[in-house]
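Everything below concerns the one structure shown next.
All chains are named by letter (A, B, ...) in the order of the sequence lines, taking the proteins before the strands, and each is independently numbered beginning at 1.
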Protein chains: 2
Amino acid sequence: MPYGDAMNARVRSAERRAEIVRAALEVIAERGYRGASLAAVAERVGLTQQGLLHYFPTKEALLVAVLEERDQWDAVPATQWRVDLLAALVEYNAMRPGIIQTFSALLGESVTEGHPAREYFTDRYRRVRENMAGVLRAEYGERLPSGLTPERAAPLLVAVMDGLQYQWLLDPESVDMPGAFRDFLALLGERA
Amino acid sequence: MPYGDAMNARVRSAERRAEIVRAALEVIAERGYRGASLAAVAERVGLTQQGLLHYFPTKEALLVAVLEERDQWDAVPATQWRVDLLAALVEYNAMRPGIIQTFSALLGESVTEGHPAREYFTDRYRRVRENMAGVLRAEYGERLPSGLTPERAAPLLVAVMDGLQYQWLLDPESVDMPGAFRDFLALLGERA
DNA sequence: CCCGTTACCTGTAACGCGGTAGGTTTCGTG
DNA sequence: CACGAAACCTACCGCGTTACAGGTAACGGG
């Protein structure tokens, strides 16, 4: 046994599942959800397509696991966010194109009819907008430039993050994503 | 000289092609490019899949025609754009979800590997950023709030437009796309 | 040591896809 | 009117896809 007796079966199984999810993230980044085949994911972890179905009974179940992993990743308590942490997050993301590409591709697909991730993104954005409004309020108080409230500015903040991601993914040379995001934050931080 | 009826045949053919492109826009909005089947497009114009291939020899050729139609649509001379026209455009788009959804879906897909629309979007965004920088310069002069130059603000403007579209497509009730866009323009219009 | 569970595999069903081949009808032109 | 081209159609090919069925080998707790 290469892994030794310390590792019991349940842990090994969970690890295998995590490995599969990681591979799925990659394949979705490369081909989107619709274009990602179970066989391609399976091959990346040394399984057959049917072997993969042993862990995730349907393709959609695998997608759900992918989305859950993301939720877990950015489950920072809303109260702990600060604007400078957002800037740092964008900077960090700029060094990991893979994760951005996965969720940019998924977001794009999700607006199509009956896409299994649609509800996920709808809920998520509603939540994130609320969070961001809170962050802005904590940082800048009730009044932002042009008399904007945090609630009105929050969708803009989210839009800038997403929109910059697409421009950056398409043409990293031409778009300084972290810099542009800082520019936007400076815009919000202006004294009215 | 091939006058008259020769013309008619050519016109009819061009009309049919336009009809097919229109149907393709719809189907792509609903299922994305990868998810859009030639058969589905064909059915919508009363053709078989093979009949459609008579007009567009491959699926990719059809996509190219779709992208060309868009280029033609927003081929407004850069010098003629003004900021208030952008706001009006966003407002207009909010009444035509179809077209937004088509290109939001395509944009999302385009960041995946070897997608046939990737180059199109890369080039397009570069062009649009330049245009927008010009628009901002004409409207606000050289200095915007926070000391931003038009060139630095342009990617933000584009990002806001795209990002708002996704939020709005996912949840039109919760997102006032035209209003939010006007908010952003007001932010840029603040006196420094 | 046995026996159920886990972790896979092979085989295959069932379907949808883009694209080719080749025929037939319709139509405008000389 | 004759002919060639355009505008379709039917038939079909080969491949990729998800998912189901059922088998097998290994592991681990009693």
Grab the CG-P distance between B:L52 and C:dG18 for me, whole Å please.
10 Å
Show me the pairs that pass ring-ring contact (aromatic ring centres under 6.0 Å, His included) and involve residues 91-114 of chain A, at least two apart or across chains.
none
note: B:I20, atom CD1; D:dA7, atom C1'; distance rounded to Å ~ 11 Å
Each nucleotide in nucleotides 11-18 of chain D should get exactly one letter: B, S or -. Can you fill that in based on protein heavy atoms under 4.0 Å?
BB----SB
Please check the phosphate of C:dC8 (OP1 and OP2 only) for any side-chain N or O of A:H54 closer than 4.0 Å.
no
Measure from CZ on B:R17 to P on D:dA7 and round the result to the nearest Å.
10 Å
Any side-chain N or O of B:R12 under 4.0 Å from OP1/OP2 of C:dC27?
no
Could you tell me which residues satisfy ring-ring contact (aromatic ring centres under 6.0 Å, His included) with B:Y33, sequence neighbours excluded, listed by chain and number?
B:H115
Short of 4.0 Å, heavy atom to strand atom, which residues of residues 60-67 of chain B count as contacting DNA chain D?
none
Give the rounded distance in Å between these two atoms: CD of A:E15 and P of C:dA7.
12 Å
Please determine if A:E30 and A:R44 form a salt bridge, counting it only when a charged side-chain N lies under 4.0 Å from a carboxylate O.
yes
Listing request: all side chain to side chain donor-acceptor pair (under 3.5 Å) pairs with a residue in residues 148-163 of chain B, at least two apart in sequence or in separate chains.
A:D183-B:R152, B:Y125-B:D162, B:R137-B:E151
Would you please name every residue forming a salt bridge (Lys or Arg N to Asp or Glu O under 4.0 Å) with B:D84, sequence neighbours left out?
B:R82
Side chain to side chain donor-acceptor pair (under 3.5 Å) filter on B:T112, not counting sequence neighbours, yields B:R34
Are the charged groups of B:E113 and A:R31 less than 4.0 angstrom apart, N to O?
no
Is B:S13 near enough to D:dA7 that one of its side-chain N or O atoms lies under 4.0 angstrom from OP1 or OP2?
yes
Can you name the residues that form a side chain to side chain contact (heavy atoms under 4.5 Å, CB included) with A:T58, not counting sequence neighbours?
A:E60, A:A61
C:dC8 phosphate, OP1 or OP2, under 4.0 Å from A:Y55 side-chain N/O:
yes
Salt bridge (Lys or Arg N to Asp or Glu O under 4.0 Å) against A:R118, all qualifying residues, sequence neighbours excluded
none
Rounded to the Å, how far apart are A:F56 CZ and D:dA19 C1'?
16 Å
Taken in chain and number order and not counting sequence neighbours, the residues that satisfy ring-ring contact (aromatic ring centres under 6.0 Å, His included) with A:Y166 are B:Y166
Run the side chain to side chain donor-acceptor pair (under 3.5 Å) test against A:Y140 and tell me which residues pass, sequence neighbours left out.
none
Looking at DNA chain D, which of residues 105-119 of chain B put a heavy atom within less than 4.0 Å of it?
none
